[in-house]
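Reading through the structure tokens given below for one structure.
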Amino acid sequence: MNIAVCVKQIPDPNVPGNLDADHTLDRSAKPQIDDSDMYGVEMALQLADKAGGGEVILVSMAPNGEVSGLRTGLAMGSARAVLVSDEALAGSDALSTAKVLAKAVERAGDVDLVLTATESTDGYTGTMPAQIAELLGWPSLTFAKHVEVGDGKVTIQRQTEAGYDVVVASLPAVVSVTAGVVEPRYPSFKGIMAAKNKPVDQVTVADLGLSPDEVGWSGARQQIVSVAAAPERQAGEKIEDDGEAYTRIVSFLEDLKII
Amino acid sequence: MSKVWVFAEADGDKPSTATLELLTKARELGGTLEAVHIGANADALAAGLGEHGATTVYAVDPGDALPGVVGAAALEALIGEHHPELVLFAQSYDGRDAISRLSVKLDRPVLTNGVALRVDGDKVIVGAAIFGGNTLVDTEFEGEAPFLAAIRPKSFAAEPSGGSAAAVVAVPAPDAGRAGEAKVLERHVEEREGPKLEEAKVVVSGGRGLGSAEAYDPLVEQLAKLLGGASGASRAIVDAGWVPYSKQVGQTGKVVKPKLYIALGISGATQHMVGMKGSENIIAVNKDAEAPIFGIADLGVVGDVHKVVPKLIEALQAHS
Ligand SMILES: Cc1cc2nc3c(=O)[nH]c(=O)nc-3n(C[C@H](O)[C@H](O)[C@@H](O)COP(=O)(O)OP(=O)(O)OC[C@H]3O[C@@H](n4cnc5c(N)ncnc54)[C@H](O)[C@@H]3O)c2cc1C
Ligand SMILES: Cc1cc2nc3c(=O)[nH]c(=O)nc-3n(C[C@H](O)[C@H](O)[C@H](O)COP(=O)(O)OP(=O)(O)OC[C@H]3O[C@@H](n4cnc5c(N)ncnc54)[C@H](O)[C@@H]3O)c2cc1C
């Protein structure tokens, strides 16, 4: 079974983000694999293993031919990657990104399953999984907290407001996984060394058969009109617990008429 | 706006609160207000939808297919017929599926994670909070209607308009092709005592400072129960598998705006605070006097949750 995993290479999420003058996210720092996508990679490796073979292929769109995040996914055990990098992609919105990723999945070869995270850590539009599925004409099984594959079918537990639903579809399909679906492995030293020689197929927008007007600023059809700091909330009273602080909480609750 | 649509979702046999919030906001934009519901219970929703301003609800029964996929296919056809200018979705599980697929079908951009919405002439502008809620960004649609936006729950208050029940127009479920193949086999409803997280007047949340999964029940659940509230969590303990994702408060979890929010052993990362700083009152217990959560707490207690909370619980039990 061949599985494509969407892997987003993002700026370090622990460093406060910045918008560039053109209102896009500052991506000048060395990117890393989005933590959320580590779950997809791990899930794919486990499913391929259970199926008794097949490749895990990473798919990514990133500026400047970035591969540092992909190397992590390759070191975990993925076989190869398809990376779309092109100046024409600057300013792409979610829909254009989905168009690119769907084409990149097709370029990856015959895949039975596409795995993504439910939302990325930096953009968190949260639309990519179902958009990619719609572009491919496939079912999408979203918000999976458990995934099983067998007999040409994929079955997931889909997170809901009230609990979860068991959802099934035949392959090929797109599945988005939530954090915690599996425990991502740490790349081994051997894996890290092996990753250096694994193939990364670097492609442009034209290689995918897309027109530059469909992507980037020209494709986006939305425009940021203002950026402002959010209003701040003030701190109130602060006390040190001397063993009796709970009484202050009780009186606070009484003042609010909660008790 | 001449016509605004809301993708209406159900919570049991009532419209979801997020749906009512969207309808309330949409009323301000003027024009005809209608709803589209993908589910079997439109008749039961009609009164609530009408009371919040919708005149008509187009209803499609998806059977056991995922509502988002059928919803997008149905919306594509209905939009072609009725031409709404703006279609609003809640940033929910099904709302996200539907808006994503619809954007491809119509080849229209989407604006998601909205927390504000306004119309300026013929421009529709969606406000979102980024970087953990520190920065507000307004984005405007370009090009032609319909505009598609997904709004985070709790962004607006739901207020009834006093309208009468919406007229239900049943629409046959369209064939969503291969995409429509995903079927729901079973539904599991997790037992929940007390109010829903987003609707509770009191929310008690726990973080990594609890030390272990075992501490969650006796400290967080207990306190929440005593106060008639709901229990929440930081992402750190959701990712660690201590509690389910449905309890997560924050940027990638739920937004809550209770009368009182109690944060136990939560540092106060911006991504957590964006989900709770709209609370009317905030109490925080944290043993680190420098924890960022104290920057927004009305009452900050520098102390150990394992010492403060059991005493508090005991006092409350004695109180009642
Ligand atoms: C402040 C700001 C606000 C924005 N708001 C919007 C908006 O409202 N609407 C909009 O259309 N665009 C918006 N954008 C642009 C948007 O962030 C990105 O252009 C677009 O790539 C959406 O990706 P995402 O990460 O949000 O997708 P998501 O849907 O959140 O990503 C889900 C999953 O898809 C996969 N994935 C996503 N992107 C990639 C990638 N490049 N390579 C590999 N896998 C990937 C990953 O598995 C990811 O976990 C905004 C940008 C900024 C800076
Ligand atoms: C894109 C993105 C989205 C995110 N979305 C969310 C989200 O939706 N919700 C969310 O919560 N987080 C989110 N996060 C994660 C967030 O950045 C923090 O990692 C997380 O909130 C930390 O959780 P915590 O406060 O429980 O843990 P920690 O940061 O580890 O804090 C634990 C705190 O407990 C205190 N403590 C320890 N022992 C005790 C004790 N015995 N008594 C009292 N206090 C004690 C410590 O002093 C510390 O302040 C997101 C991160 C990113 C990058």
Side-chain angles (χ1 to χ4, degrees), chain A residues 16-17 93-95 98 119 124-127 129-131 133-135 137-143 145 159-170 173 178-180 220-230 233 235-241 245-250 252 256 258-259, chain B residues 66 68 93 96-97 99-101 103-104 109-113 125 129 131 133-143 177-179 181-190 202 227 239 241 245 252 259-260 277 281 283 294-303 307-308 311-312 315-316 319:
Chain A
D93 71 343
L95 181 53
E119 59 193 4
Y124 61 98
T125 313
T127 53
Q131 282 176 324
E134 180 69 24
L135 286 157
W138 295 359
S140 49
L141 297 84
T142 45
F143 310 101
K145 56 175 198 159
Q159 180 91 43
T160 63
E161 280 303 328
Y164 68 91
D165 288 350
V166 176
V167 181
V168 66
S170 57
T178 59
R221 295 166 297 169
Q222 51 179 270
Q223 197 193 340
I224 292 188
V225 289
S226 84
V227 177
R233 202 183 155 115
E237 173 188 352
K238 188 158 124 189
I239 58 169
E240 196 83 41
D241 180 36
Y246 74 94
T247 58
R248 178 67 194 97
I249 300 180
V250 171
F252 193 89
L256 290 181
I258 282 173
I259 54 171
Chain B
L66 283 181
Y93 299 109
R96 259 160 61 162
D97 279 3
I99 196 174
S100 305
R101 284 190 175 266
S103 76
V104 173
V110 288
L111 289 174
T112 64
N113 283 300
I125 298 154
F131 303 146
N134 288 339
T135 306
L136 301 174
V137 172
D138 280 350
T139 308
E140 171 181 290
F141 289 100
E142 290 183 329
R178 259 226 75 209
E181 251 184 34
K183 293 278 185 286
V184 179
L185 292 185
E186 294 163 30
R187 293 183 200 278
H188 292 259
V189 176
E190 277 155 16
V202 177
L227 298 174
D239 284 358
Y245 171 71
T252 45
K259 182 165 178 189
L260 174 65
K277 68 183 176 191
N281 298 278
I283 300 179
F294 289 130
I296 62 163
D298 300 282
L299 174 60
V301 175
V302 182
K307 297 196 176 127
V308 178
K311 281 188 195 158
L312 175 62
L316 292 174
H319 199 279

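Numbered from 1 within each chain, the chains take letters A, B, ... in sequence-line order. Keep in mind that what you see is a predicted model, and the values were worked out from it rather than measured.
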Exercise for the section: Quick one: pull up CG in B:N281 and CG in A:L256 and give me the separation to the nearest 0.5 Å. Expected result: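 Between atom CG of B:N281 and atom CG of A:L256 there are 4.5 Å.
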Practice task
Would you give the length of the straight line joining atom CD1 of B:I125 to atom CD1 of A:I224, rounded to the nearest 0.5 angstrom?
Solution key: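 Interatomic distance, B:I125 CD1 to A:I224 CD1, rounded to 0.5 Å: 12.5 Å.
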For the student: nearest non-hydrogen atoms of [X] and [Y], plus distance:
{"X": "B:L136", "Y": "A:A229", "value": "CD1-O, 4.5 Å"}
{"X": "B:F294", "Y": "A:A235", "value": "O-CB, 3.3 Å"}
{"X": "A:Q131", "Y": "B:S103", "value": "NE2-OG, 2.8 Å"}
{"X": "B:A129", "Y": "A:Y124", "value": "O-OH, 3.0 Å"}
{"X": "B:A315", "Y": "A:V250", "value": "CB-CG2, 4.1 Å"}

Between [X] (side chain only) and [Y] (backbone N and O only), is there a donor and an acceptor less than 3.5 Å apart?
{"X": "B:T112", "Y": "A:T125", "value": "yes"}
{"X": "A:R233", "Y": "B:D298", "value": "no"}
{"X": "B:K307", "Y": "A:D241", "value": "no"}

Exercise for the section: Heavy atoms only, distances under 4.5 angstrom: which of B:V302, B:I99, B:L111 has the most pairs with chain A? Name it, please. Expected result: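 The residue among B:V302, B:I99, B:L111 with the greatest pair count is B:V302.
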Practice task
Tell me, out of B:K311, B:K277, B:K259, who's got the most heavy-atom pairs with chain A below 4.5 Å.
Solution key: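 With the most close heavy-atom pairs to chain A, the winner is B:K311.
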For residues [X] and [Y], determine if any side-chain heavy atom of one lies less than 4.5 Å from a side-chain heavy atom of the other.
{"X": "B:R178", "Y": "A:W138", "result": "yes"}
{"X": "B:V308", "Y": "A:I249", "result": "yes"}
{"X": "A:E119", "Y": "B:T252", "result": "yes"}
{"X": "B:L299", "Y": "A:R248", "result": "yes"}

At a heavy-atom distance under 4.5 Å, which candidate from [options] has the highest pair count against chain B?
{"options": "A:S170, A:A98, A:A133, A:A169", "result": "A:S170"}
{"options": "A:E237, A:R221, A:K238, A:E240", "result": "A:R221"}
{"options": "A:I239, A:V227, A:T247", "result": "A:I239"}
{"options": "A:V166, A:I258, A:L141, A:T142", "result": "A:V166"}

Interface moiety of [X] toward chain A, non-hydrogen atoms closer than 4.5 Å:
{"X": "B:A297", "result": "backbone"}
{"X": "B:N113", "result": "side chain"}
{"X": "B:L185", "result": "both"}

Practice task
Go through the side-chain N and O atoms of A:S140 and B:R101 and say whether any donor and acceptor fall under 3.5 Å apart.
Solution key: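 Their side chains do contain a donor-acceptor pair, which is all the 3.5 Å distance test asks for.
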Handout entry: Side-chain donor-acceptor pair present, A:E134, B:S100, cut-off under 3.5 Å
Key =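 A:E134 vs B:S100: no donor-acceptor pair found between side chains.
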Practice task
Evaluate the criterion side chain to side chain contact (heavy atoms under 4.5 Å, CB included) for residue pair B:Y245 and A:Q159; output intermediate values, then yes/no.
Solution key: CA-CA 8 Å; B:Y245 171 71; A:Q159 180 91 43; 3.8 Å; yes
Handout entry: Heavy-atom contact with chain B under 4.5 Å, split by part of A:L135
Key =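 Answer is both: backbone and side chain atoms of A:L135 are under 4.5 Å from chain B.
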Handout entry: Part of A:F252 within contact of chain B (heavy atom distance under 4.5 Å)
Key =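 Just the side chain, heavy atoms under 4.5 Å.
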Exercise for the section: Please list, chain by chain and in numerical order, all residues satisfying side chain to side chain contact (heavy atoms under 4.5 Å, CB included) with A:A220, sequence neighbours excluded. Expected result: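 Scan of A:A220 (side chain to side chain contact (heavy atoms under 4.5 Å, CB included), adjacent residues dropped) gives A:D93, A:Q222.
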Practice task
Before giving the answer on side chain to side chain contact (heavy atoms under 4.5 Å, CB included), spell out for B:V110 and A:L95 the whole-Å C-alpha distance, their side-chain angles and the decisive distance to 0.1 Å.
Solution key: CA-CA 8 Å; B:V110 288; A:L95 181 53; 5.9 Å; no
Handout entry: Under the ring-ring contact (aromatic ring centres under 6.0 Å, His included) test, residues paired with B:Y93 that sit two or more places apart
Key =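 Counting only residues at least two positions away or on another chain, B:Y93 forms a ring-ring contact (aromatic ring centres under 6.0 Å, His included) with A:F143.
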